[in-house]
Amino acid sequence: MLIPIPCVVMRGGTSKGPFFLLDDLPHDEATRNRVLLAAMGSPDRRQIDGLGGGDSLTSKVVMVSKSARPGIDVEYLFAQVSIDSETVDTSPNCGNMLAGVAPFAIEHGLVAAGMPTTRVRVFNRNTGKVVEAVVQTPGGKVNYEGDVHIDGVPGSGAPILLNFLDAAGAKTGRLLPTGRVQDVIDGVPVSCVDFSSPIVFIAAASLGKSGYESKAQLDGDSALLARLEAIRLEAAQRMGMGDVRGKVLPKLVLLARPAHGGQISSRYFVPWNCHAAHAVTGALCVAAACSIPGTIAAELVQPDAAQPGLIGIEHPSGRLDTRVQIDGRDDDGLPLIRSAGVVRTAKPIVSGVVYVPGSAWEATV
């Protein structure tokens, strides 16, 4: 028999996927993964039998639960569901999908709405870090309509402010996982930085690229993709992350000087193809890297003297603005980044149930 599971398909930032209450899913991880694969229609390039859209940006799942942690409202677990393999990866985070967590939690009664805004403190189970989300709730209801436009999404929506708190060393425990601002891998200078997500930064020019290429141009360069993967695998070993073949972390970013009024140009890889826009967690790591003297990013960034802390990141679909708040330096001269923030929008698309085969849940039935 088919089993119905309540969910809401939401757009969060430039991504999209189903949001579940964690208690509505199997508690056993292996069984839960089978259920999520079935819900998304994986493995299948078209994901024709599920909710997935045949693209990494639309094959994402969010699971939300009320938190018992002091000072925390809800907990968020993100899963990247593979399109063409039986893989559910909860090691990465997704800042775009995170934009939908607070509205979802308020709508489902996990958090009481305030007026005119509601602050929701979210514990990210993927990273063990805390994010504060500020949602517009006039009259005690979530407002989704507004005039904030984010590149990569048509139309506009109400702003959702995301402040990432104490996000240094999110996966490796260190802002600079290798202990150096630059390393050389396969003759290419790289900077390995872990802030909200671990990333390997490379100057596009080091690989014969301008850094202004389109997603299609980069995705069509098989030689480039192969070299990037080789660099990523070696960088992960040096970052203490082990063998990451088949895993999505660390990510890769090609950087260049800005060309359209921002502070830096970025091409973010997910990691085996270029993001159509830019991941939020990746953008925050770009901003953090720009604040660390000696990194590839710091060598290419062009700060805005009138707006300290603003890092406008140019990407294939436009621009994403971030703001970094620094409270001095540590004993090694590295910046103490109190928080990094970004404004996103979110929107519920459809609410109901997704049907999965009973065989997917057999371990807990």
Side-chain angles (χ1 to χ4, degrees), residues 2-3 5 7 9-20 25-26 28-63 77-94 96-97 126 152 197 200 214-233 236 241-253 267-279 281-282 316-317 349 354-363:
L2 295 178
I3 297 177
I5 308 172
C7 71
V9 177
M10 295 187 71
R11 176 186 61 76
T14 56
S15 297
K16 181 173 68 175
F19 282 59
F20 296 94
L25 295 169
D28 171 68
E29 182 179 355
T31 309
R32 186 185 71 206
N33 287 349
R34 286 202 305 273
V35 167
L36 294 180
L37 286 164
M40 299 303 284
S42 297
D44 174 59
R45 287 301 306 173
R46 295 169 62 206
Q47 294 181 311
I48 193 64
D49 209 31
L51 295 173
D55 184 281
S56 61
L57 301 186
T58 57
S59 191
K60 300 184 174 188
V61 170
V62 168
M63 294 159 276
L77 179 63
F78 167 75
Q80 182 73 56
V81 179
S82 175
I83 297 170
D84 53 8
S85 70
E86 294 183 345
T87 303
V88 177
D89 194 352
T90 57
S91 63
N93 179 23
C94 179
N96 275 298
M97 292 295 273
N126 303 85
S197 184
V200 183
S214 69
K215 169 179 167 59
Q217 288 173 319
L218 294 170
D219 289 352
D221 191 337
S222 58
L224 171 70
L225 296 179
R227 191 169 189 196
L228 288 177
E229 179 64 1
I231 292 172
R232 189 181 81 92
L233 294 176
M241 300 179 69
D243 185 354
V244 298
R245 278 174 290 190
K247 299 180 180 179
V248 299
L249 293 179
K251 300 294 175 71
L252 282 157
V253 167
R267 295 298 183 264
Y268 178 89
F269 288 78
V270 294
W272 302 294
N273 57 79
C274 182
H275 199 299
H278 209 292
T281 50
S317 296
I349 297 170
V354 59
Y355 291 93
V356 301
S359 58
W361 207 313
E362 61 186 5

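All values reported here derive from a predicted model rather than from experimental measurement.
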Name all residues meeting the side-chain hydrogen bond (donor to acceptor under 3.5 Å, both in side chains) criterion together with D55; count only those two or more places apart in sequence or in a different chain, and write none if there are none.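 Partners of D55 under the side-chain hydrogen bond (donor to acceptor under 3.5 Å, both in side chains) test: none.
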Under the criterion side chain to side chain contact (heavy atoms under 4.5 Å, CB included), I'd like the reasoning laid out for W272 against V248: C-alpha separation, chi angles, the key distance, then a yes or no. CA-CA 8 Å; W272 302 294; V248 299; 4.0 Å; yes
Work out which heavy atom in [X] is nearest to a heavy atom in [Y]; give both atom names and the distance.
X    : Y    : answer
P26  : V35  : CG-CG2, 3.7 Å
Y268 : V253 : CD1-CG2, 3.5 Å
T281 : C94  : CG2-C, 4.4 Å
V88  : A79  : CG1-CB, 3.8 Å
T31  : A360 : CG2-O, 3.7 Å
N126 : P92  : ND2-O, 2.9 Å

In chain order, what residues pass the side-chain contact (heavy atoms from CB on, under 4.5 Å) check against R46, with sequence neighbours excluded?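 Residues passing side-chain contact (heavy atoms from CB on, under 4.5 Å) with R46: D44, I48.
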Listed by chain and number, what are the side-chain contact (heavy atoms from CB on, under 4.5 Å) partners of D49, not counting sequence neighbours?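 Once residues adjacent in sequence are excluded, D49 has no partner under the side-chain contact (heavy atoms from CB on, under 4.5 Å) criterion.
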Looking at CG of L57 and NE2 of H275, how far apart are the two atoms once the value is rounded to the nearest 0.5 Å?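 Answer rounded to 0.5 Å: 4.5 Å.
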Say whether, by atom type as modelled, one donor and one acceptor occur between the side chain of [X] and the main chain of [Y] under 3.5 angstrom.
X    : Y    : result
S59  : V81  : yes
Q47  : I83  : no
R232 : P250 : yes
N96  : T14  : yes

pair [X]-[Y]: side-chain heavy atoms closer than 4.5 Å:
X    : Y    : value
K251 : L249 : yes
M40  : S82  : no
W361 : I5   : yes
S197 : N93  : no
P271 : L228 : no

Walk me through it: do E86 and S42 pass the test side chain to side chain contact (heavy atoms under 4.5 Å, CB included)? CA-CA 7 Å; E86 294 183 345; S42 297; over 6 Å; no
Crowding at NZ, K215 (>12 non-hydrogen neighbours, <6.0 Å):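 Yes, NZ of K215 has more than 12 neighbouring heavy atoms, counting only those of other groups under 6.0 Å.
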Over 12 non-hydrogen atoms of neighbours within 6.0 angstrom of NZ in K60: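 Result for NZ/K60: enclosed.
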Side-chain donor-acceptor pair present, D89, S91, cut-off under 3.5 Å: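 Judged by distance alone, the side chains do pair up.
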Pair L77-R32, side chain to side chain contact (heavy atoms under 4.5 Å, CB included): steps then yes or no: CA-CA 12 Å; L77 179 63; R32 186 185 71 206; 3.8 Å; yes
Applying side chain to side chain contact (heavy atoms under 4.5 Å, CB included) to L225 and E229, what does each step give before you reach the verdict? CA-CA 6 Å; L225 296 179; E229 179 64 1; over 6 Å; no
